[in-house]
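Inspection log for the structure reproduced underneath, given as structure tokens.
Computation of the quantities below employed the complete heavy-atom set of this structure, encompassing side-chain atoms and omitting hydrogens, waters and symmetry-equivalent molecules.
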Amino acid sequence: MNKDEYFMKKALLLAKLAEKKDEVPVGAVIVKDGEIIATGRNRRETKKNALYHAEIEAIDKACKVLGGWRLCLCEIYVTLEPCPMCAGAIINSRLKRVVFGATDPKAGSVGSVVNLFELPYNHRPEVVSGILKEECSRILSDFFKKQRNRGAPLSR
């Protein structure tokens, strides 16, 4: 198992924790010098707040750990392609590398719907996609299938 797969598996564990709380199963970890310094998982339903995406939570924690907003020496691993809000937070926090698993054809902003990292912003992180894509996609599709079977509202 390579480094990207190792850290994506850690993000998948967080996605599974989110799922247990009836949240869309997305997890994120931020890594600096080969060590996880921050984690996040979706908590929008629990917190009743649209801002509680896995990436935002992880970025917030990483800034607190490092004592500043510049995360230029860090990488983020996230199970689902970042949405526009999270892609913007990645740009603004200067994360050097983004690794994601599943693509998001409805809200993905790192290539699926749009690629915010290709626009002329002041920072462009390196992107690696498709790491453990099948596992990351499966947890999401299984979650939404269960939601449909229960008649629950579907949203990301």
What I'd like to find out is whether the side chain of [X] reaches to under 4.5 Å of the side chain of [Y], using heavy atoms alone.
{"X": "T103", "Y": "S129", "value": "no"}
{"X": "D104", "Y": "L140", "value": "no"}
{"X": "N2", "Y": "F7", "value": "no"}
{"X": "L14", "Y": "L17", "value": "yes"}

Return yes if some donor-acceptor pair links the side-chain N/O of [X] with the main-chain N/O of [Y] below 3.5 Å, else return no.
{"X": "T79", "Y": "G27", "answer": "yes"}
{"X": "E75", "Y": "R97", "answer": "no"}
{"X": "K48", "Y": "E45", "answer": "yes"}
{"X": "R94", "Y": "N92", "answer": "yes"}
{"X": "E135", "Y": "L12", "answer": "no"}

Look up atom [atom1] in [X] and atom [atom2] in [Y], then write down how far apart they are to the nearest 0.5 Å.
{"X": "C72", "Y": "L66", "atom1": "SG", "atom2": "CG", "result": "9.5 Å"}
{"X": "I30", "Y": "E55", "atom1": "CD1", "atom2": "CD", "result": "9.0 Å"}
{"X": "L13", "Y": "T39", "atom1": "CG", "atom2": "OG1", "result": "11.0 Å"}
{"X": "I76", "Y": "I59", "atom1": "CD1", "atom2": "CD1", "result": "4.5 Å"}
{"X": "N115", "Y": "E81", "atom1": "CG", "atom2": "CD", "result": "8.0 Å"}
{"X": "E23", "Y": "T46", "atom1": "CD", "atom2": "OG1", "result": "3.5 Å"}

Applying the side-chain contact (heavy atoms from CB on, under 4.5 Å) test to L80, which of N42, V26, V24 qualifies?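 Checked N42, V26, V24 against L80; only one passes side-chain contact (heavy atoms from CB on, under 4.5 Å): V26.
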Member of K9, K3, K10 meeting the side-chain contact (heavy atoms from CB on, under 4.5 Å) criterion with Y6: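 Checked K9, K3, K10 against Y6; only one passes side-chain contact (heavy atoms from CB on, under 4.5 Å): K10.
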Residues V110 and F100: closest non-hydrogen pair is CG1-CE2, 3.9 Å
What is the minimum heavy-atom distance between I139 and K16, and which atoms define it? CD1-CG, 3.4 Å
Residues E19, K146: salt bridge by 4.0 Å N-O rule: yes
Walk me through it: do E5 and I131 pass the test side chain to side chain contact (heavy atoms under 4.5 Å, CB included)? CA-CA 6 Å; E5 291 169 342; I131 301 299; 4.2 Å; yes
Answer yes or no: are there more than 12 heavy-atom neighbours, outside K61 itself, under 6.0 Å from its atom NZ?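 More than 12 heavy atoms, drawn from other residues, nucleotides or ligands, come within 6.0 Å of this atom.
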